Amino acid sequence: MSFDRAFDAFLSSPPTIKELTGHVDASTNWYIIGTMLDLDQKRLRSIEALAGHTDTHKMIEMFNLWLTTTPTASRRQVLDVLRIRVVGENTLADEYEKHLKELHETIYMSPSTEAVSILQRNIESLNEALVSPVQVSQLLYCKRCISEATLDEMERIDQRRSLDDKKTTLLTAMQETVSSDYRKLKDIATVLSDVEQTRDIANEIMTKYEETIPQEDDSTVVQPQEVVGGNEDRASDILRNNYSALSQSITEPVRVAKWLHEEVNLISDEDLSCVMSTSRAVLLKAVRDAVHSNYKHLELFVTVLRKFSETTHIGDTIFEEYRKHFCYYDDDVEESECYLSSRSTSNPESSSFVDREIDKHGDHKILFPHYMKKKFQVMRMKFGSTFFQVRRIFARMKSVNIDEVKDLISDWFSDLKPQLSDKKTINDVLNVLKRKCSIINLHPLENLASELNIEEAEPIIKLYKEKAKDFCMSISVSLCLGEELQAVATSSCLLCETVVFIFNWDPDEHTLQDINDVLLELEPLNRFKYHLQIDKVDLVDNDQSVVDLFKQTQTSLTSGDIDDLNKEIKAKDQEIENFKAIIREKEMKSDTEVMDLQYTLKDKEEKMTAVIKKYEFVQQQLNAKDDEVNALTSELASVKELSESQLQQIEKLKLRLEESHKIIDEKDSEFDSMQKKTDEDK
């Protein structure tokens, strides 16, 4: 409250009789003044009839009567009456008002000073009661009762700083806040009332605040204004609005930190290490820093919050604020954001956490099988052939003006202008335009043919567009995207769910780009905004690791995977045939050699059994969803029959080995007999 407003309130309060006697000496006009103050005339005449009293005594009696009979008596009324023309005491009124201002200055305490005084009187009690100063600082930060610099100081990990040091930092910051804006004391008391250890102190502060600071003044509290600044400032302010809820709801900071580090790359290795050894304060500090650097990091943070039941509602709240400030709406998303990064997950230790979390929170992994490689190669060749045919048609058009074509393409794609500047032939120009096309998008080439009225190219392009459409549909069906992504979706607005495409092969850069282009066109992905992350998985020669991978991805295997395993079993079959030949050659060798062969054959049998287990697992994964599955089942049965046949051959080999062993024993016995006979003859 300003001094002028405070003085105005001071004039509205009743004066004391001592004050009036000493500074309003209007004894000669006391009766008129009493009349103008609406005192009862009968009682005024009684005062006037008092014998032996001076006019000063009668004036005092009049003022006493006024103060005791007028509840609304005020200093302002006295000043107004003195200045009435019939009274004519203007000079006296001015002198009285001057005295009142001087008096007010000596007793006036600004609301800011009063608020600071209230807080200071409770500082010692707060110092004893605060057991979690960092948590309280996070709550105060949300209410804008401390600065971000103070919060940084509170959340900073420093073994040299004691709990008392943190308390001192926080209490000092609170006093500075109240000194600059006394109304913040009420917000501070509200925060402290939410903490059990400080609730009683908060109630006392609130009581004193309401007693000392007029309520009409409190109503003028300025509400937080919309942040003026860049996107990072806006996003940081949204995060700040929800900081209190985050500090109380994140019950598993280590798991949240691992998600932020391993899935969305939002925090560094160092931050992750600090969170694992300390608390959620470091986690929240790392998130604040990330949002300060790029406002879109807030989207990624929301994605992770929605992975945990205790923070899902906070993620939704943040997202709603984010949409409001950045005009982000699901139906405004023109295309998915795809991040196709490579990351080896062949090391089980490096991927164990991610696999566990994905299994627990959603079916986010989708196998991108090896046979897809051939499909994309075929589609890429069809794209090249189509472009080649259309290029030949353009080359035959003698009337085409190269410069006009270059100008047209530059108008469409200004970034291609420098690359077109030195091109002299239509073939060279089309090769530049080709960079704006993809295996499922020939629109730039189609538009150019239309602009130049090259009708011969239209049916070729139209046919390819139909093939591209069918290709996208086949990819979506093969990946089972409809079923997979239906399981990922939630009832609330999705922001950036992570879908991990797992490769058991290594796509080259061009194929990876083709995959990216196709995924962007797939309807199941376009309904939401997804971050797509491609992992390259090295399949090791271990049947259990293969089983684990398929269990984690929960994906139906198809013909491409059968082909791979079929090659493997044929290789094992060839190895067995080779060992048969070796055994035939070694039948007459020593017992030791035969034993070596037996152990080697046993090892091959075990590997063969592992391959068969893989086939049995494949059979379990297959389901009767279409004709292709029936064909695969038939193929699998044939493979199993082949495997059983090979096992029978192995059994026969074992019998031959036993027979060979018997033959060797017989020959050894025969040799011993002959040797013995020879010795006897000697």
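By convention here, the first residue in the shown sequence is residue 1. Just so you know, these numbers use all the heavy atoms, side chains as well, and skip hydrogens, waters and symmetry mates. Keep in mind the model is a prediction, meaning the values are calculated, not measured.
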Task: Under the salt bridge (charged side-chain N to carboxylate O under 4.0 Å, His left out) test, residues paired with Asp415 that sit two or more places apart - done: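 If we apply the salt bridge (charged side-chain N to carboxylate O under 4.0 Å, His left out) test to Asp415, skipping adjacent residues, the hits are Lys436.
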With a 4.5 Å heavy-atom cut-off, do [X] and [Y] have their side chains touching?
X	Y	value
Val518	Phe376	yes
Leu260	Leu300	no
Met174	Leu126	yes
Arg306	Phe319	yes
Leu239	Phe301	yes
Tyr209	Arg183	yes
Lys373	Pro507	no

Just how far is it from atom [atom1] of [X] to atom [atom2] of [Y], taken to the nearest 0.5 Å?
X	Y	atom1	atom2	answer
Ser132	Gln138	OG	CD	10.0 Å
Lys143	Ile188	NZ	CD1	11.5 Å
His325	Asp237	NE2	CG	7.0 Å
Thr311	Asn242	OG1	CG	11.5 Å
Leu246	Leu305	CG	CG	6.0 Å
Leu266	Asn294	CG	CG	9.5 Å

TODO: With side chain to side chain donor-acceptor pair (under 3.5 Å) as the test, would you mind laying out the steps for Thr511 and Asp514 before giving the verdict?
DONE: CA-CA 5 Å; Thr511 304; Asp514 288 343; 5.4 Å; no
TODO: Take Asp517 and Asn441 through the test side chain to side chain contact (heavy atoms under 4.5 Å, CB included) and record every step on the way to the result.
DONE: CA-CA 9 Å; Asp517 294 335; Asn441 179 20; over 6 Å; no
Task: Intermediate values then yes/no, salt bridge (charged side-chain N to carboxylate O under 4.0 Å, His left out), Arg199 and Asp194 - done: CA-CA 7 Å; Arg199 186 168 295 128; Asp194 291 334; over 6 Å; no
Please determine if [X] and [Y] form a salt bridge, counting it only when a charged side-chain N lies under 4.0 Å from a carboxylate O.
X	Y	answer
Asp187	Arg144	no
Lys208	Glu114	no
Glu320	Arg323	yes

Sidechain-backbone polar pair: [X] side chain, [Y] backbone, donor-acceptor under 3.5 Å:
X	Y	answer
Thr198	Leu192	yes
Asp165	Ser162	yes
Gln248	Ser244	yes
Asp181	Thr177	no

Decide whether [X] and [Y] meet the rule of one side-chain donor and one side-chain acceptor closer than 3.5 Å.
X	Y	value
Ser125	Asn122	no
Ser249	Glu310	no
Arg240	Ser236	no
Ser193	Thr190	no
Glu176	Ser180	no

- [ ] Decide side chain to side chain donor-acceptor pair (under 3.5 Å) for Thr150 and Ser147; before the verdict, give the C-alpha distance in whole Å, the side-chain angles of both, and the deciding distance to 0.1 Å.
- [x] CA-CA 5 Å; Thr150 299; Ser147 66; 3.1 Å; yes
TODO: Evaluate the criterion side chain to side chain contact (heavy atoms under 4.5 Å, CB included) for residue pair Leu103 and Glu19; output intermediate values, then yes/no.
DONE: CA-CA 10 Å; Leu103 176 63; Glu19 173 188 318; 4.2 Å; yes
- [ ] Check the pair Glu299 / Val302 against side chain to side chain contact (heavy atoms under 4.5 Å, CB included), numbers first and verdict last.
- [x] CA-CA 5 Å; Glu299 297 182 30; Val302 167; 5.7 Å; no
Could you pull out the closest heavy-atom pair between [X] and [Y], with the gap in Å?
X	Y	result
Ser74	Ser12	CB-O, 3.4 Å
Met206	Ala189	CE-CB, 3.9 Å
Ser137	Leu151	OG-CD1, 3.7 Å
Ser293	Ala290	OG-O, 2.6 Å
Lys166	Pro133	CB-CG, 4.2 Å
Glu232	Val291	CG-O, 3.6 Å

Task: Sequence-distant partners of Gln120, side-chain contact (heavy atoms from CB on, under 4.5 Å), two or more places apart - done: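 Applying side-chain contact (heavy atoms from CB on, under 4.5 Å) to Gln120 gives Val116, Gln175.
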Please tabulate, for the side chains in residues 281-289, all donor-acceptor contacts under 3.5 angstrom to protein atoms that are two or more places apart in sequence or on a different chain.
| residue | atom | partner | partner atom | Å |
| --- | --- | --- | --- | --- |
| Lys285 | NZ | Asp289 | OD1 | 3.2 |
| Lys285 | NZ | Asp289 | OD2 | 2.7 |
| Arg288 | NE | Tyr243 | OH | 3.0 |
| Arg288 | NH1 | Glu148 | OE2 | 2.7 |
| Arg288 | NH1 | Asp152 | OD1 | 2.9 |
| Arg288 | NH2 | Asp152 | OD1 | 2.8 |
| Arg288 | NH2 | Glu155 | OE1 | 2.7 |

- [ ] Any chance you could lay out the side chain to side chain contact (heavy atoms under 4.5 Å, CB included) test for Tyr141 and Met154, step after step, and finish with the verdict?
- [x] CA-CA 11 Å; Tyr141 171 73; Met154 294 298 298; over 6 Å; no
Open item on the list: Looking at His99, I want to see if its NE2 is surrounded by more than 12 non-hydrogen atoms of other residues, nucleotides or ligands under 6.0 Å.
Closed with: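 For His99, atom NE2 is crowded (more than 12 foreign heavy atoms under 6.0 Å).
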